[in-house]
Amino acid sequence: MAAMKRIVIRADASSQIGSGHVMRCLTLADALRDAGAEDISFVCREDVGNYIKFIQSQGFAVSPIEDAAADVPVEAASAERPADWLVVDHYGLDAAWETRARSLSRHIMVIDDLADRKHDCDILLDQNFVRSMQTRYDGLVPDSCRRLLGPAHTLLRKEFSSVTARPRDGSVRRILVFFGGSDPRGLTLKTVVTLGRMPAGPTVGVVVGLAHQDKDALEAECHRYGFTLHVQTDHMASLLDAADLVIGGGGTTTWERCKLGVPSITVVMADNQRGITEAVAAEGATVNLGEADDVGPDNLKEAIQNLMKNPESVRAMSERALALMKGDSSGVDSVVRAMAAIETGRPA
């Protein structure tokens, strides 16, 4: 990948939007670095709960900005030294912004899962499974744009390649709770309290990010009930591998669970998760508990108890989750190959 050296990534994290955009871009950045890219930097807004320091701790430079729609700063990319690729993972940016950024980068890749606006890009990545997957970007991207669509292109971290996917046996001995890095809807705390008040049963682990608003309360509740709290863990794959059931939100974590065959109860926490969760539930690969505002202790407890009483349903859910991913473990590699192919003019 000698021709692809300089990469600029535009993504944000905050207490409100969560960490998903930044975390999947970090997965891509790691893979690009492993493939030979020498200069990879991020452009991020300084929102409350941002991940700028975390990105820097992973060895990448960050150019902070105040306005989400601001053009890429000249420190990150300039007409005198354009980037080879600009990667844009942001719901607030569209073709108008991307066209302006063309002077700062030879190529542009957009990561999206809304399909609600036009893009000016060379690659469009949507790693999600939805009913209209193959046609939903018709008219929204240039004819020359290469579309990478579906879970086969999921940006899974390197740690997932070291864990062997396996179907579960249907028993629920270990539950993992993960509603994303920041969980602005407060579902983590609600779920922990619900589990804590249920009759003694499964071992419970809880995962939150650095920007989680309820860390102090969660520490107290986990201590009270004997649960284990993990903050900004680097071992998500092993935690999922050990779990018999995950309770969490949709989004990128859906594909992490499916990759390892983990049965799940999913709550729709944002508009962009609705179609994904409905499609995955229709395939029998998760239980869709519905909208976050409609989830309370009663229906959460009922869903958990129903699965604990029906091991065959849990086993079937695991098998269908694995089938969605088709055993693929190289989604991020497929994205890197597509970027390199455009650089060299060769087929991916």
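A quick note: this is a predicted structure, and the numbers were derived from the prediction, not measured.
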Candidates Arg106, Arg337, Arg6 - the one meeting salt bridge (charged side-chain N to carboxylate O under 4.0 Å, His left out) with Glu343: Arg106

Side chain Asp244, main chain Arg174, donor-acceptor under 3.5 Å: yes

Listed once per pair and sorted, the salt bridge (charged side-chain N to carboxylate O under 4.0 Å, His left out) pairs that draw on residues 222-238, sequence neighbours left out: Glu221-Arg224

Side chain to side chain contact (heavy atoms under 4.5 Å, CB included) involving Val172 - partner list, sequence neighbours excluded: Ile175, Pro202, Leu245, Met308, Val314

Glu46 side chain vs Pro64 backbone, donor-acceptor pair below 3.5 Å: no

Return a table of donor-acceptor pairs under 3.5 angstrom between the side chains of residues 189-196 and protein atoms on other chains or two or more places apart.
| from | atom 1 | to | atom 2 | distance (Å) |
| --- | --- | --- | --- | --- |
| Lys190 | NZ | Val295 | O | 2.9 |
| Thr191 | OG1 | Leu187 | O | 2.8 |
| Thr194 | OG1 | Lys190 | O | 2.9 |

For Pro167, side chain to side chain contact (heavy atoms under 4.5 Å, CB included) partners two or more places apart: Ser318, Glu319, Leu322

Contacts of type side-chain hydrogen bond (donor to acceptor under 3.5 Å, both in side chains), residue Thr188, not counting sequence neighbours: Asp183, His212

Pairs satisfying side chain to side chain donor-acceptor pair (under 3.5 Å), at least one member in residues 296-307, at least two apart: none

Asp293 bridged to Arg185 by N-O distance under 4.0 Å: yes

Listed partners of Asp34 passing side chain to side chain contact (heavy atoms under 4.5 Å, CB included), at least two apart: Lys158

Linked, directly or transitively: Trp85 and Leu28 (ILVMFWY side chains, under 4.5 Å): yes

Set of ring-ring contact (aromatic ring centres under 6.0 Å, His included) partners for Trp255, sequence neighbours left out: none

Pairs satisfying salt bridge (charged side-chain N to carboxylate O under 4.0 Å, His left out), at least one member in residues 271-291, at least two apart: Arg131-Glu283, Asp271-Arg274, Arg274-Glu291

Indicate every side-chain donor-acceptor pair of residues 109-118 with a distance under 3.5 Å to a residue at least two apart or in another chain.
| from | atom 1 | to | atom 2 | distance (Å) |
| --- | --- | --- | --- | --- |
| Asp112 | OD1 | Leu114 | N | 3.2 |
| Asp112 | OD1 | Arg117 | NH1 | 3.3 |
| Asp112 | OD2 | Ala115 | N | 3.2 |
| Asp112 | OD2 | His119 | NE2 | 3.3 |
| Asp113 | OD1 | Tyr91 | OH | 2.5 |
| Asp113 | OD2 | Arg24 | NH1 | 3.4 |
| Asp113 | OD2 | Tyr91 | OH | 3.3 |
| Asp113 | OD2 | Asn128 | ND2 | 3.3 |
| Arg117 | NE | Tyr91 | O | 3.4 |
| Arg117 | NE | Leu93 | O | 2.7 |
| Arg117 | NH2 | His90 | O | 2.9 |

Main-chain N/O of Val262 paired to Arg257 side chain as donor or acceptor, under 3.5 Å: no

Sequence neighbours excluded, every pair satisfying ring-ring contact (aromatic ring centres under 6.0 Å, His included) that has a member inside residues 37-67: Phe42-Phe60, Tyr51-Phe54

Salt bridge (charged side-chain N to carboxylate O under 4.0 Å, His left out) contacts in which one or both residues fall within residues 51-71, not counting sequence neighbours: Asp71-Arg100

